[in-house]
Asker: 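Right, I'll just put the structure down here and ask away after.
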Amino acid sequence: MINIKTNKIAGGGICAALCLVLLFASSFIPAKIAFLFASSIVMGVCILRYKTMTALMTYISVSVISLLIIPKANLIVSLAYTSVFGIYPIVKLYIEKIKNMKIEYIIKFLIWNIHLFLVYVILSAFGQNSLFDLGTFWVWLGGMGLMLAYDLIFGIFINGFYRTYSKFLK
């Protein structure tokens, strides 16, 4: 049986609600990536404040509920959250426990490459791989650059939050 305290359940619920509001807003406002990034930051704060199990339960809840409430025309928002922006803060936490930056980035790039390959396979299965027809190498290289930028910016935001609010996170 999972033992989660009431304040962690309530905090996870608040984080889930905030993530869902951001995802729902991103389905109507053109700056989708900004709202997806903001939902990722919320997940990072959830990990810092309520620890991994609560963050994992929050991620699963938001992933399932977003598939139900986000308009089907913007299903890509839910899929982007579920496959990258929601899970990455949790994955990043465990990777960065290694405390060797070279190995950490090798693992991060390996995971990202597996992700890009799976996206390619899924899009190909549905006949929607035209993005990759533009130049698979350039799409791959751009994806690697975006992953690096996302990782660095996410780290800056979370480290800033931690430095500012660490005394309240106990």
Side-chain angles (χ1 to χ4, degrees), residues 1-99 101 104-105 107-112 114-116 118-119 122 143 146-170:
M1 176 99 184
I2 298 173
N3 184 15
I4 300 177
K5 294 182 180 179
T6 309
N7 68 333
K8 289 185 177 184
I9 294 171
I14 291 168
C15 290
L18 186 53
C19 282
L20 288 166
V21 166
L22 290 166
L23 293 176
F24 193 72
S26 74
S27 67
F28 295 106
I29 299 172
K32 290 179 184 353
I33 196 77
F35 285 99
L36 284 165
F37 183 76
S39 69
S40 188
I41 295 296
V42 171
M43 284 302 301
V45 170
C46 185
I47 292 168
L48 288 176
R49 179 67 177 101
Y50 303 109
K51 306 302 177 219
T52 307
M53 184 55 68
T54 302
L56 186 60
M57 300 306 280
T58 301
Y59 161 72
I60 292 168
S61 301
V62 171
S63 295
V64 170
I65 294 170
S66 72
L67 289 170
L68 299 173
I69 69 165
I70 302 297
K72 297 303 176 207
N74 290 310
L75 185 62
I76 193 74
V77 170
S78 295
L79 296 176
Y81 175 83
T82 302
S83 66
V84 177
F85 292 95
I87 194 69
Y88 188 74
I90 298 168
V91 171
K92 181 177 172 69
L93 169 76
Y94 285 103
I95 292 172
E96 290 185 352
K97 286 184 178 184
I98 295 171
K99 301 291 185 205
M101 193 175 294
E104 289 173 11
Y105 274 102
I107 293 171
K108 287 175 186 178
F109 282 120
L110 179 66
I111 290 171
W112 184 247
I114 292 169
H115 182 265
L116 285 176
L118 291 174
V119 167
I122 291 168
L146 289 174
M147 189 292 269
L148 180 62
Y150 170 65
D151 183 69
L152 293 173
I153 294 168
F154 180 85
I156 290 168
F157 272 86
I158 291 301
N159 288 333
F161 177 86
Y162 185 76
R163 278 193 306 276
T164 304
Y165 296 104
S166 62
K167 61 184 167 236
F168 301 111
L169 298 175
K170 305 290 182 213

Asker: Just how far is it from atom OG of S66 to atom CG of L79, taken to the nearest 0.5 Å?
Answerer: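 Here the rounded value is 8.0 Å.
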Asker: Rounded to the nearest 0.5 Å, what separation is found between the NZ atom of K8 and the CE atom of M57?
Answerer: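 The CE atom of M57 is 13.0 Å from NZ of K8, to the nearest 0.5 Å.
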Asker: Just verifying a value: how many Å separate Y162 OH and R49 CZ, rounded to the nearest 0.5 Å?
Answerer: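 One finds 12.0 Å between OH of Y162 and CZ of R49.
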Asker: Y88 pairs by ring pair (Phe, Tyr, Trp, His ring centres under 6.0 Å) with which of Y94, Y150, Y59?
Answerer: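 Single pass found, and it is Y150.
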Asker: Could you tell me whether the side chain of S26 and the main chain of L23 form a donor-acceptor pair under 3.5 Å?
Answerer: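 Yes.
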Asker: Any salt bridge (charged side-chain N to carboxylate O under 4.0 Å, His left out) involving residues 146-163? Give me the pairs, sequence neighbours left out, ordered by first then second residue.
Answerer: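 For residues 146-163, and leaving out neighbouring residues, the salt bridge (charged side-chain N to carboxylate O under 4.0 Å, His left out) pairs sorted by first residue read K92-D151, K108-D151.
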Asker: What salt bridge (charged side-chain N to carboxylate O under 4.0 Å, His left out) pairs are there with at least one residue in residues 27-46, not counting sequence neighbours?
Answerer: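 For residues 27-46: none.
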Asker: F109: which residues meet the ring-ring contact (aromatic ring centres under 6.0 Å, His included) condition with it, sequence neighbours left out?
Answerer: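 By the ring-ring contact (aromatic ring centres under 6.0 Å, His included) rule, F109 matches no residue at all.
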Asker: Could you pull out all donor-acceptor pairs under 3.5 Å where a side-chain atom in residues 9-21 meets a protein atom, sequence neighbours excluded?
Answerer:
none

Asker: To the nearest 0.5 Å, how far apart are CG in L118 and CD1 in I114?
Answerer: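 With rounding to 0.5 Å, CG (L118) is 7.5 Å from CD1 (I114).
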Asker: Judged by atom type as modelled, is there a donor-acceptor pair below 3.5 Å linking the side chain of S39 to the main-chain atoms of L36?
Answerer: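 Side chain of S39 to backbone of L36, a donor-acceptor pair under 3.5 Å: yes, one is there.
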Asker: Among residues two or more places apart or on two chains, list those pairs meeting ring pair (Phe, Tyr, Trp, His ring centres under 6.0 Å) that have a residue in residues 9-31.
Answerer: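 For residues 9-31, and leaving out neighbouring residues, the ring pair (Phe, Tyr, Trp, His ring centres under 6.0 Å) pairs sorted by first residue read F24-F28.
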Asker: Who passes side-chain contact (heavy atoms from CB on, under 4.5 Å) against I153, sequence neighbours left out?
Answerer: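 Checked I153 against side-chain contact (heavy atoms from CB on, under 4.5 Å); matches are F37, F157.
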Asker: Answer whether the closest heavy-atom distance between the side chains of I158 and I47 falls below 4.5 Å.
Answerer: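 I158 vs I47: side chains apart.
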Asker: Is there a side-chain contact between M43 and Y81 (heavy atoms, below 4.5 Å)?
Answerer: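 Yes, side chains in contact.
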Asker: Does K99 NZ have over 12 foreign heavy atoms under 6.0 Å away?
Answerer: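 Result for NZ/K99: open.
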Asker: Taking S63 for its side chain and T82 for its backbone only, find out whether a donor-acceptor pair lies under 3.5 Å.
Answerer: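 Such a contact is absent between S63 side chain and T82 backbone.
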Asker: I want to check something: taking the side chain as every heavy atom from C-beta on, are W112 and L148 in contact at a cut-off of under 4.5 Å?
Answerer: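 W112 does not reach L148 side chain to side chain.
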